[in-house]
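Notes follow the structure.
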Amino acid sequence: MLKFEWNLTKARANLKKHGVSFEEAQSVFFDENAIQFFDSESSFEEERFLMLGLSENFRIFCEREGEVIRIISARRATASERKHYTGA
């Protein structure tokens, strides 16, 4: 069973800025076609990953490896990210 955590202040700011709740972001981790990438640009103090998957719409998420997935940000995928996901 997957467990999720996040900073409540960051979650509120993310919803206001990107229109994506961290509660909704959890659903991408259940997309069997989701693609995960190592995020070398953000992996200074800890290893971070980007996940591209399908929720209600396409979203991209940043999470930390470990027993508990920490959602750091969530936003709509760009057009090029959507193409990467669909292979089109």
Side-chain angles (χ1 to χ4, degrees):
M1 174 182 229
L2 294 176
K3 293 186 180 185
F4 298 90
E5 68 178 28
W6 52 78
N7 177 290
L8 291 175
T9 303
K10 176 76 173 169
R12 288 185 196 111
N14 193 87
L15 180 60
K16 185 176 181 180
K17 182 176 181 179
H18 299 293
V20 180
S21 72
F22 285 0
E23 289 84 3
E24 180 185 355
Q26 294 176 71
S27 65
V28 167
F29 292 89
F30 300 98
D31 175 1
E32 294 179 0
N33 297 312
I35 304 167
Q36 184 170 292
F37 306 90
F38 179 69
D39 184 6
S40 59
E41 293 180 16
S42 300
S43 295
F44 300 111
E45 295 179 21
E46 62 191 7
E47 288 188 351
R48 292 189 177 181
F49 297 84
L50 299 171
M51 182 165 283
L52 180 62
L54 188 61
S55 179
E56 192 171 308
N57 295 296
F58 286 96
R59 311 282 192 219
I60 191 167
F61 306 96
C62 190
E63 52 101 12
R64 181 178 66 189
E65 185 178 36
E67 290 182 25
V68 177
I69 297 169
R70 184 169 58 96
I71 298 176
I72 299 167
S73 66
R75 63 169 172 79
R76 296 184 190 281
T78 64
S80 64
E81 290 164 344
R82 286 192 300 273
K83 285 180 184 177
H84 187 78
Y85 177 85
T86 62

Can you see which heavy atom on [X] is nearest to which on [Y], and at what distance?
X     : Y     : value
Ala34 : Val28 : CB-O, 3.9 Å
Ala74 : Val20 : CB-CG1, 3.6 Å
Lys10 : Asn7  : N-OD1, 2.8 Å

Look at the side-chain heavy atoms of Ile, Leu, Val, Met, Phe, Trp and Tyr, link any pair under 4.5 Å apart, and say whether Ile72 and Leu15 land in one connected group. no
Between Phe22 and Phe4, is the ring centre distance below 6.0 Å? no
Just how far is it from atom CD of Glu5 to atom CD1 of Ile69, taken to the nearest 0.5 Å? 10.0 Å
